Amino acid sequence: MNESDTPRVDFVRQIIVDDNESGKHDGRVQTRFPPEPNGYLHIGHAKAICLNFGIAKEFDGKCNLRFDDTNPEKEDVEYVESIKEDVRWLGFTWDNLHFASDYFEKLYEMAVQLIERGDAYVCSLSAEETREYRGGWNKEGRDSPDRERSVEDNLDLFARMRKGEFSDGEYTLRAKIDMNSPNMNLRDPAMYRIRHAHHHRTGDQWCIYPTYDWTHGQSDSLEGITHSICTLEFENHRPLYDWYVDRLQIFHPQQIEMAKLKLTHTIMSKRRLRELVEGGFVNGWDDPRMPTLSGYRRRGYTPESIRNFCHRIGVTKFNSQTDVGLLEQSAREHLNAIAERRMAVLQPLKVVIENYPEGESEIRAAINNPEDESAGTREIPFGREIYIERNDFMEDPPKKFFRLGPGREVRLRYAFFLKCHDFVKDESGEIVELRCTYDPETAGGKAPDGRKVKGTIHWVSAAHAVDAEVRLYDRMFEKEDASEVPEGEDWKDYLNSKSIEVLSGCKLEPSLQDGDSNTPYQFERLGYFCKDNKDSTPGSLVFNRTAALRDSWAKQQKKK
RNA sequence: UAGCCCGUGGUGUAAUUGGCAACACGAUGGAUUCUGGUUCCAUUGUUCUAGGUUCGAGUCCUAGCGGGCUAACCA
């Protein structure tokens with residue numbers, strides 16, 4: 001299963017197919033992914049990335065990476081670098097790398113053109129006054145007192161704005177469109193604002209900065225973008241972008257709007273994600289609980305699984321909310337196919353095998369991946385003392401419990417049948433040790449006498465185990481729709497307090513000592529794990545749980 | 001309140017453009033299994049409502065209802 005298993009013709013691709021048939025751009029297809037470098041990329045961006053780069057690939061076209069860096073006060077090179085890294089990690093290569101800031105000079109010239117045509121003017125209204133003059137949905141707008149300023153004066157003022165003769169906010173350049181348009185974007189929108197701010201790329205070269213609305217369409221046009229895909233909230237902006245390129249008489253890209261991704265138990269707002277980072281609610285942008293690409297990467301998601309997820313959710317104009325479970329399922333599906341199996345005991349309970357000779361050990365062979373024969377086998381040490389999972393033993397087990405209990409027999413994976421005879425409790429009544437015997441005749445996993453066991457459990461040899469810290473993650477928010485919070489409440493109050501659980505003293509089979517953070521493992525019967533790419537060292541291993549295995553036993557228990 | 005956009009199983013999406021409503025995921029039941037995983041089989045449906053056009057409507061028209069976006073010198 002992958003992105004190509006079912007060819008998808010969503011409404012965006014349908015438009016392109018139609019355009020190619022009508023010869024609109026002579027079959028040329030040019031897209032772009034245009035992030036603002038003011039935060040890290042999240043899974044919602046992945047949807048846009050897969051769409052834009054995917055379309056370019058499918059239609060033998062090109063896709064640019066363009067940074068829409070028009071707001072120096074919020075942007076930073078740190079974000080530029082992380083965005084590039086994330087796009088590459090997802091598996092895409094851009095044809096051209098652009099920055100809207102590279103077009104500042106060109107944009108300035110275009111603004112002058114509009115002034116000369118009488119389509120733009122310098123306005124002295126303050127931000128507040130501008131809002132006041134704009135009116136509202138049922139309120140007509142009023143013309144700025146500067147609306148009829150002469151072309152000469154506008155030109156002069158605009159030049160002086162650039163020279164730095166004025167202070168922040170003193171003047172703006174505005175498009176002269178229609179102060180009574182029902183579309184607010186057309187009520188003489190701002191094109192330039194004065195900001196004596198340092199830009200991460202142009203430095204102090206400029207003190208006037210073009211607004212996004214003035215920049216975006218022309219940037220697309222300059223790059224020859226044939227299909228400019230964006231999200232639904234820009235629908236109302238399209239008439240403005242069209243107006244600009246038509247007045248300028250330059251190449252006219254077609255904007256297509258689609259719904260952005262919304263996931264259950266997750267937020268996608270960059271502002272809020274930043275708040276979590278800056279407020280210390282999470283451990284950075286790449287915290288494995290974050291819906292950022294760097295977070296998913298650290299957590300162990302593969303690029304393939306994210307691409308496959310993006311393929312599955314499709315593209316429409318309908319505001320929907322996708323179950324985060326679908327993303328987890330995509331991760332499991334890919335990991336199941338590629339991850340080598342290992343045994344790891346997260347909550348160890350010591351087992352002494354009384355009839356196994358003291359001081360001795362042996363090697364058991366285990367299959368690395370039943371889904372992939374070429375992954376081969378490995379050797380695992382076995383001995384008199386082993387660890388098993390605490391919850392694989394019950395002092396007083398119910399009938400449907402297939403694991404260990406007093407007098408019960410189970411199979412140790414890739415080893416022997418094991419029977420429990422007794423257990424030891426400490427003063428507090430907690431079980432600290434099991435006394436068991438094994439049947440050496442069951443080495444192949446089957447008993448010569450034909451007796452059967454209900455369950456197979458995983459284990460790690462106590463003498464050979466390596467210790468590790470294991471971090472379990474759960475959904476970031478308890479609330480299904482985390483972006484919708486009742487009036488007067490803080491969205492952060494809905495954070496899941498159990499979104500991370502840190503287990504220490506976990507016992508792993510020795511082979512887990514090696515390998516890097518890019519190697520995914522399935523810990524048998526538990527889930528998919530990987531080494532933490534920041535905190536794990538050879539002397540102090542740290543593993544992250546990418547996703548738990550489906551657990552029909554746990555599900556059954558929950559129902560009761 | 002105005003403009004624009006959108007309503008199809010529990011969820012996400014299809015429906016060759018007016019011709020038997022389908023796919024994936026989940027859920028439920030069963031089979032297989034040295035992972036209570038994987039795999040396999042089965043079950044799960046008033047296309048928001050009401051009219052209209054038509055031999056025939058998820059698709060076209062009208063009205064209603066519901067949802068989203070928009071009144072930053074953010075993007």
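Any value given below was found using the heavy atoms of this structure, including those in side chains, with hydrogens, waters and symmetry copies removed. Given the structure is predicted, the values throughout are model-derived calculations rather than measurements.
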[N] versus [M] - spacing of their [atom1] atoms, nearest Å:
N: B/U53; M: B/A72; atom1: P; answer: 47 Å
N: B/G12; M: B/G68; atom1: P; answer: 15 Å
N: B/C25; M: B/A42; atom1: P; answer: 14 Å

In Watson-Crick or G-U wobble terms, both distances under 3.5 Å, what is the partner of [N]?
N: B/U17; result: none
N: B/C23; result: B/G12
N: B/A63; result: B/U49
N: B/A75; result: none
N: B/C69; result: B/G3
N: B/A31; result: B/U39

Donor-acceptor pair present, [X] side chain and [N] base, under 3.5 Å:
X: A/Q522; N: B/U35; result: yes
X: A/R341; N: B/U35; result: yes
X: A/R332; N: B/G37; result: no
X: A/Q329; N: B/G12; result: no
X: A/N319; N: B/C6; result: no

Does any donor atom in the side chain of A/D213 or A/H237 lie under 3.5 Å from an acceptor atom in the other side chain?
->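 Per modelled atom types, A/D213 and A/H237 side chains form a pair under 3.5 Å.
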Just to be sure I understand the rule, does [X] reach a base, reach only the sugar-phosphate, or reach nothing, if contact means heavy atoms closer than 4.0 Å?
X: A/T70; answer: sugar-phosphate
X: A/R134; answer: sugar-phosphate
X: A/F318; answer: sugar-phosphate
X: A/G136; answer: base
X: A/L326; answer: sugar-phosphate

Of the options [options], whose atoms approach the side-chain atoms of [X] most closely?
X: A/W137; options: B/A27, B/U70, B/C73; result: B/U70
X: A/N336; options: B/G37, B/A2, B/A75; result: B/G37
X: A/A190; options: B/C73, B/G37, B/C34; result: B/C73
X: A/F234; options: B/G3, B/G12, B/A75; result: B/A75
X: A/R312; options: B/A24, B/C69, B/U35; result: B/A24
X: A/R403; options: B/C73, B/C4, B/G36; result: B/G36

Under 3.5 Å donor-acceptor, A/K454 side chain and A/E409 backbone = no
Does A/S320 make a side-chain N or O approach to OP1 or OP2 of B/U13 shorter than 4.0 Å?
-> yes
Verify the contact: side-chain N or O of A/K317 to OP1 or OP2 of B/G7, cut-off strictly under 4.0 Å; return yes or no.
-> no
May I ask you to decide whether A/E389 forms a salt bridge with A/R403, counting only side-chain N to carboxylate O separations under 4.0 Å?
->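 No salt bridge links A/E389 with A/R403.
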Establish, yes or no, whether the cationic atom of A/R162 lies under 6.0 Å from the six-membered ring centre of A/Y108 and within 45° of the ring axis.
->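 Ring-cation test returns yes.
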Could you tell me whether A/R201 sits above the aromatic face of A/F99, with NZ or CZ closer than 6.0 angstrom to the six-membered ring centre and within 45 degrees of the axis?
->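 Cation-pi check for A/R201 and A/F99: passes.
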Using a 90° cut-off around 0 for syn, call B/U11 syn or anti.
->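 Nucleotide B/U11 adopts anti.
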Glycosidic conformation of B/A63, taking syn as within 90° of 0 and anti otherwise =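 Chi for B/A63 falls in the anti range.
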For A/K419, look at atom NZ and say whether over 12 heavy atoms of other residues, nucleotides or ligands are found less than 6.0 Å away.
->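 No - once you tally the heavy atoms of other residues, nucleotides and ligands closer than 6.0 Å, there are 12 at most.
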Check the angle between the aromatic planes of A/F234 and A/Y212 and answer parallel, tilted or perpendicular using the 30° and 60° thresholds.
->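 Rings of A/F234 and A/Y212: tilted, as their planes differ by 30° to 60°.
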A/Y212 OH - B/A72 C1' separation (whole Å) | 15 Å
